[in-house]
2 protein chains.
Amino acid sequence: MATVSRVVNNNPNVKPQTRKKVFEAIERLGYRPNAVARGLASKKTTTVGVVIPDISNSIFAEIARGIEDIANMYHYNIILCNADKRKEKEIRVINTLLEKQVDGLLFMGGTVTEEHIQAFQTSAVPIVLCATRDEKGTYPSVDIDHETAALDAVNTLIRHGHREIAMISGTLQDPANGYARFQGYKRALEAAGIEYQEDLVRIGNYRYESGVEAMKYFLGLKKKPTAIFAATDEMAIGAIHSIQDEGLKVPDDFSIISVDNIRMASMVRPLLTTVAQPMYDLGAVAMRLLTKLMKKETVENARVILPHETILRLSVNHVNK
Amino acid sequence: MATVSRVVNNNPNVKPQTRKKVFEAIERLGYRPNAVARGLASKKTTTVGVVIPDISNSIFAEIARGIEDIANMYHYNIILCNADKRKEKEIRVINTLLEKQVDGLLFMGGTVTEEHIQAFQTSAVPIVLCATRDEKGTYPSVDIDHETAALDAVNTLIRHGHREIAMISGTLQDPANGYARFQGYKRALEAAGIEYQEDLVRIGNYRYESGVEAMKYFLGLKKKPTAIFAATDEMAIGAIHSIQDEGLKVPDDFSIISVDNIRMASMVRPLLTTVAQPMYDLGAVAMRLLTKLMKKETVENARVILPHETILRLSVNHVNK
DNA sequence: GAGCTACATCGTAAATGGTTACCGTCAAAT
DNA sequence: ATTTGACGGTAACCATTTACGATGTAGCTC
């Protein structure tokens with residue numbers, strides 16, 4: 001038994017001739033190692049748990065792809081759990097993942113509350129946060145700087161001469177995509193000496209339809225904005241279509257910019273100008289970080305902020321005087 | 001030990017008072033059952049393996065969501081493996097999934113070859129094919145009728161008076177999205193007494209850009225088609241933009257129809273007319289089927305074809321004489 | 001050439017953390 | 001007093017890893 005184990009695990013302490021015999025027996029008997037028994041004996045499962053808000057959301061799907069590629073590269077498998085940003089469900093899946101003895105945990109999306117921390121602490125497996133962070137900054141995380149990304153977006157509008165800039169925001173309860181991006185918007189206005197006007201901000205739910213609705217509202221204003229900053233590409237595309245459906249034009253009548261750079265941003269007319277967040281890399285870097293933690297390597301910087309980049313395409317123009 | 005096991009597994013043969021004491025001890029000691037040990041002893045892991053071509057593809061992501069929801073409902077977890085339709089990688093992940101003692105296997109996307117069958121047969125766990133099937137029909141599967149879906153699409157073009165109908169196809173090596181949809185196109189033409197013309201068919205790779213390219217080709221023809229059937233929505237949207245970029249209009253100058261009904265189909269102008277395949281349901285039904293198989297329930301029909309539905313939106317019009 | 005050492009190789013058995021078949025005990029019912 | 005069923009404990013079992021020990025062999029010394 002021990003020798004077979006050594007052969008299967010490539011332990012050098014076995015004579016080549018014996019190794020060959022073992023391989024032959026394996027072949028002849030159709031033996032397949034049992035990873036569950038192995039996991040019990042070795043206390044390692046080469047499996048990591050991933051909790052994700054919604055795999056059918058293209059942003060998370062892209063991140064998940066990055067996670068899976070790197071996991072695969074280091075011979076880990078992924079147990080995937082949707083949690084829909086519902087705290088109760090998040091806690092539940094964290095616990096079942098821990099029961100399954102995952103070697104590490106990747107937590108994406110949702111807000112990290114005290115209850116999450118407690119659940120994390122019931123176990124010693126390394127945990128990294130992806131596309132989110134905890135308030136206190138005690139856990140390793142990989143994210144972008146949402147506030148600065150939003151600031152950059154609004155600044156390119158300002159550089160194009162716009163001063164009547166509306167925002168389609170997410171809910172301010174959401175720390176990253178909601179609150180931080182909204183803060184970026186406010187800071188940009190402030191830095192440019194533009195007064196913040198409450199009725200130039202609408203709250204959406206990140207989806208296309210809410211972009212359409214919000215834009216309808218702006219189109220109904222007596223004093224219309226000349227540019228719109230949307231917190232997500234999807235809402236921006238909704239806004240574009242809302243404008244076009246009224247017979248108006250982007251960017252001639254309104255400039256539009258947003259944050260994300262989903263694939264669809266280069267599949268609309270006009271091509272959407274947006275601040276790109278490196279989705280695949282968010283997942284890949286988070287997973288890479290987790291592999292280091294699982295191997296107990298020391299990591300220099302466990303709170304990484306990935307750079308964003310403004311992609312100038314065709315939905316932003318200089319303001320018409 | 002046995003009593004604790006009974007309590008944890010809700011076995012009725014334990015006095016309420018004892019049960020309570022066990023629960024208290026569990027609470028006090030912070031005991032968490034070890035699913036790996038449990039899996040070894042019980043020979044069940046409550047985990048199913050899912051091999052998927054590419055989770056960042058919105059179609060598969062949507063299917064995966066259906067799979068995960070139903071799995072969750074039946075208290076199974078999902079080990080997710082991307083395989084990119086690469087046979088060698090598919091075989092590899094099937095084997096590692098089997099090593100991990102999954103209780104069932106869901107195979108999506110790629111062609112099912114003799115080698116796949118061989119890999120499947122090395123194990124006794126139930127297997128269901130999702131969004132694909134095997135030639136011989138020996139494995140349970142859930143899919144749509146791609147050929148009829150394509151036929152329906154082309155028929156709605158024909159009903160709108162079109163007779164010069166081009167197709168942007170996938171590669172004919174691909175049995176479902178490629179070959180079957182192409183066959184549907186040919187059958188529809190034949191039934192309407194329209195001659196099949198080779199130069200009205202271009203092969204794309206299912207993606208937006210290849211739709212753009214194919215349409216450019218059609219626009220360069222001296223005798224242009226009046227309608228285009230694209231094998232996927234993405235290519236259809238590419239075609240639409242290709243047309244619009246030339247200053248022409250959909251559906252005034254060209255009618256466009258395709259198959260899939262991805263979210264983006266209702267996020268373009270004009271709204272895309274398409275034959276919807278029920279992606280979420282494909283995953284959900286496949287997973288439900290697998291749960292039955294894993295519980296050794298007898299299933300009446302193990303080869304299910306889900307219905308498709310033509311969604312009339314705005315990209316198809318009556319032909320201009 | 002005998003004896004010893006060191007090392008490579010391989011086998012033994014404990015350990016991993018549960019499940020479950022089986023058996024004994026005890027109290028209630030007959 | 002006997003039977004019965006609920007309850008709970010004992011121990012085998014699951015398939016591996018791994019610490020440890022046994023064996024054998026080569027090389028060295030004397």
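Just so we're on the same page: letters track the sequence lines, and every chain starts at 1.
Nucleotide C/dA15 holds its P atom 17 Å from the CG atom of B/Leu40, rounded to whole Å. Distance CG (B/Asn34) to P (C/dA15): 18 Å, rounded to an integer number of Å. If you measure from atom CG of B/Asn10 to atom P of C/dT19, you get 12 Å, rounded to the nearest angstrom. Nucleotide C/dT25 holds its P atom 19 Å from the CG atom of B/Asn13, rounded to whole Å. The nearest whole Å value for the distance from the CZ atom in B/Arg32 to the P atom in C/dG18 is 11 Å. Protein atom NZ of A/Lys21 is 14 Å distant from nucleotide atom C1' of C/dG11, rounded to whole Å.
Side-chain N/O atoms of A/Lys43 include one lying less than 4.0 angstrom from OP1 or OP2 on C/dG17.
Rounding to the nearest 0.5 Å places NZ of A/Lys100 at 8.5 Å from SG of A/Cys81.
Inspection of the A/Arg303 and A/Tyr139 side chains reveals no N or O donor paired with an N or O acceptor under 3.5 Å.
At the heavy-atom level, A/Ser5 lies under 4.0 Å from base atoms of the strands shown. A/Arg19 comes within 4.0 angstrom of nothing in the nucleic acid, heavy atoms only.
Under a 3.5 Å cut-off, the side chain of B/Thr132 and the backbone N or O of B/Thr111 do not form any donor-acceptor pair. Panel note: side chain A/Thr47, backbone A/Thr45; a donor-acceptor pair is recorded below 3.5 Å. Looking at B/Asn10, its side chain never comes within 3.5 Å of a backbone N or O of B/Arg6 through a donor-acceptor pair.
With a 6.0 Å radius and a threshold of 12 heavy atoms from other residues, nucleotides or ligands, B/Gln17 has its CD atom at or below the threshold.
You can see that DNA chain D meets the heavy atoms of chain B within a 4.0 Å-exclusive cut from D/dC7 to D/dA15, reading 5' to 3'.
Of the two residues near DNA chain D, A/Arg38 and B/Thr18, the one whose nearest nucleotide lies more 5' is B/Thr18. Residues B/Val36 and A/Thr3 each lie close to DNA chain C; by heavy-atom proximity, the contact nearer the 5' end of the strand is made by A/Thr3. For the pair B/Gln17 and A/Met1, nearest-nucleotide mapping onto DNA chain D gives the more 5' position to B/Gln17.
Remark: A/Thr113 engages A/His116 in a side chain to side chain donor-acceptor pair (under 3.5 Å) (not counting sequence neighbours).
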